[in-house]
Amino acid sequence: MAPGRTLEWVLGAAHSTVDWDANNGYKVRVEADGPFGPLEPLEYVIILGNLKGSRAVASGNLRAVALELHEIGKATNRVNRSIRQL
């Protein structure tokens, strides 16, 4: 995965999926292969209770989305020109 990128999963509505009073800790192990072979595995412990009261909306704004779409459009145009030249 490129640096600075994230993966996100929707788990459902917090009030129906999390018992905030319980000790809900989950260990996550990330194993990956990089361009030069396997990477050192990383392990994280995610304690759902720590998320209580945290911000639940994605960071960023529509301007950032528009700029990214503009960049995607420019890249698509470059690919189209390359294909036409072939």
Exercise. Just wondering, more than 12 heavy atoms not from Arg29 lying within 6.0 Å of its CZ?
Worked result: yes
Exercise. Nearest 0.5 Å, what's the CZ-CD distance between Arg63 and Glu68?
Worked result: 12.5 Å
Taking distance alone, no hydrogens or angles, what donor-acceptor pairs closer than 3.5 Å link side-chain atoms of residues 70-79 to residues at least two apart or in another chain?
unit_1	atom_1	unit_2	atom_2	d
Glu71	OE2	Lys74	NZ	3.3
Thr76	OG1	Ile72	O	2.8
Asn77	ND2	Gly73	O	3.3

Exercise. If you look at every heavy atom in Ile46 and Val28, which pair is closest and at what distance?
Worked result: CD1-CG2, 3.6 Å
For this session: Determine, stepwise, if the pair Val45 / Tyr26 fulfils side chain to side chain contact (heavy atoms under 4.5 Å, CB included).
Result: CA-CA 6 Å; Val45 176; Tyr26 298 92; over 6 Å; no
